[in-house]
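In this text the structure is predicted, and so the values were computed from the model without any measurement. Residue numbers start from 1 in every chain, and the chains themselves are labelled A, B, ... in the order their sequence lines are given, proteins ahead of strands.
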There are 2 protein chains.
Amino acid sequence: MPSKKASIHRVFHALGDPTRRTIVEKLSEGPISVSQLAIPLAISLAAVVQHLQILEESGLVHTEKTGRVRTCRIEPSGFSVVQQWIDDRRTVWEERFDRLGDLLADTDKP
Amino acid sequence: MPSKKASIHRVFHALGDPTRRTIVEKLSEGPISVSQLAIPLAISLAAVVQHLQILEESGLVHTEKTGRVRTCRIEPSGFSVVQQWIDDRRTVWEERFDRLGDLLADTDKP
DNA sequence: CTATTAGTTAAGTGCATGCTTGAGTATCTA
DNA sequence: TAGATACTCAAGCATGCACTTAACTAATAG
């Protein structure tokens with residue numbers, strides 16, 4: 001199994017680039033071909049393909065080639081990696097918040 | 001008001017770096033000083049300070065200086081920018097899923 | 001007062017990364 | 001079959017960014 005740390009890195013790194021986020025936003029509207037995706041982006045087709053490779057390796061996007069057209073679509077499960085990472089942190093904040101509650105309660109009865 | 005797009009960019013860019021994520025993970029355990037934060041990181045103190053600047057500008061971390069010690073802590077609200085961005089996309093996926101449902105329903109009664 | 005601790009700031013370096021161009025390969029259309 | 005379309009791949013460039021070192025300020029300890 002590919003390490004969790006590595007997959008977290010791939011996803012966050014992928015989403016760290018504004019062009020790739022724009023691609024994800026566009027793909028959220030529905031599946032689309034590579035060339036259609038490139039039109040509003042004002043960069044070369046080759047650059048778009050490079051971004052798509054990174055997005056696909058990160059698990060955020062799935063692409064499939066039929067004939068000469070590659071269709072790209074969102075892979076919703078990829079985003080759960082982000083959600084999970086944040087939720088894991090939040091759990092610890094909440095634990096701390098609980099302990100703070102205990103601490104405050106203790107001041108009532110020394 | 002600072003544009004939403006810009007704040008999304010700051011947050012995703014901040015979390016795109018593995019060292020900064022490690023800092024966030026450490027801070028999730030509770031507030032800590034800059035030097036204490038630097039110890040397990042194997043980089044110079046100056047580098048840590050630079051990461052903290054980015055994290056603070058992104059709204060993910062809050063720091064406060066008392067005497068000569070700067071204490072760093074998580075700013076939980078900063079993470080809602082990420083959550084919100086993903087939820088916004090997911091809304092569209094779900095809309096599309098609904099329309100797919102409609103489409104399948106239509107095939108029953110042509 | 002001096003020495004140490006804690007952090008700040010600036011300048012410089014090297015590598016990663018986003019992007020381009022150009023040449024090549026299937027696939028589809030007329 | 002000829003030409004257009006939709007990518008694909010490789011190489012090179014240029015900027016950004018993480019990191020270092022070094023010199024500095026401010027607070028605390030002895």
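Within the 4.0 Å cut-off from OP1 or OP2 of D/dC7, at least one side-chain nitrogen or oxygen of A/S33 is found. Taking 4.0 angstrom as the limit, A/H13 places a side-chain polar atom (N or O) nearer than this to OP1 or OP2 of C/dT17. At D/dC19, none of the side-chain N or O atoms of B/S44 fall inside 4.0 Å of OP1 or OP2 (strictly under the cut-off). An OP1 or OP2 oxygen of C/dT17 is reached within less than 4.0 angstrom by no side-chain nitrogen or oxygen of A/H51. For D/dC17, neither phosphate oxygen OP1 nor OP2 lies less than 4.0 angstrom from any side-chain nitrogen or oxygen of B/T19.
The separation between A/E56 atom CD and D/dC7 atom P is 13 Å, rounded to whole Å. Regarding B/R70, its CZ atom lies at a distance of 16 Å from the C1' atom of C/dT5, rounded to whole Å. Whole-Å rounding puts the B/I54 CD1 to C/dT8 P distance at 14 Å. Rounding to whole angstrom units, CG of residue B/L45 and P of C/dA10 are separated by 16 Å. As rounded to whole Å, 12 Å separates atom C1' of C/dA16 from atom CZ of A/R20. The separation between A/I39 atom CD1 and D/dC7 atom C1' is 14 Å, rounded to whole Å. Taking atom CG of residue A/L41 and atom C1' of nucleotide C/dG18, one finds them 13 Å apart after rounding to whole Å. Rounded to an integer number of Å, the gap from A/L55 CG to C/dG18 C1' is 13 Å.
Not a single donor-acceptor pair under 3.5 Å links the side chain of B/R20 to the backbone N or O of B/L15.
Contact of B/Q53 with C/dT9 (side chain to base): no donor-acceptor pair of N or O atoms is detected under 3.5 Å. A donor-acceptor contact under 3.5 Å is formed by the side chain of B/R68 with the base of D/dA27. A donor-acceptor contact under 3.5 Å is not formed by the side chain of B/Q50 with the base of C/dT8.
Across all their heavy atoms, B/H9 and A/G16 have their closest contact at CE1-O, 4.3 Å.
Looking at heavy atoms from C-beta onward, A/K26 lies out of side-chain contact with A/T22 at the 4.5 angstrom threshold.
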Indicate every side-chain donor-acceptor pair of residues 67-86 of chain B with a distance under 3.5 Å to a residue at least two apart or in another chain.
from  : atom 1 : to    : atom 2 : distance (Å)
B/R70 : NH1    : B/T63 : OG1    : 2.8
B/S80 : OG     : B/S77 : O      : 2.5
B/Q83 : OE1    : A/R90 : NH2    : 2.8
B/Q84 : NE2    : B/D88 : OD1    : 2.9
B/W85 : NE1    : A/E25 : OE2    : 2.9

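Toward the 5′ end of DNA chain C lies the nearest nucleotide of B/K65, the other residue of the pair B/K65 and A/G67 mapping further downstream.
With values rounded to the nearest 0.5 angstrom, A/L45 atom CG is found 10.5 Å from A/Q50 atom CD.
With distances taken from any side-chain atom of A/A46 to the nucleotides D/dC9, D/dC7, D/dT20, the minimum falls on D/dC9.
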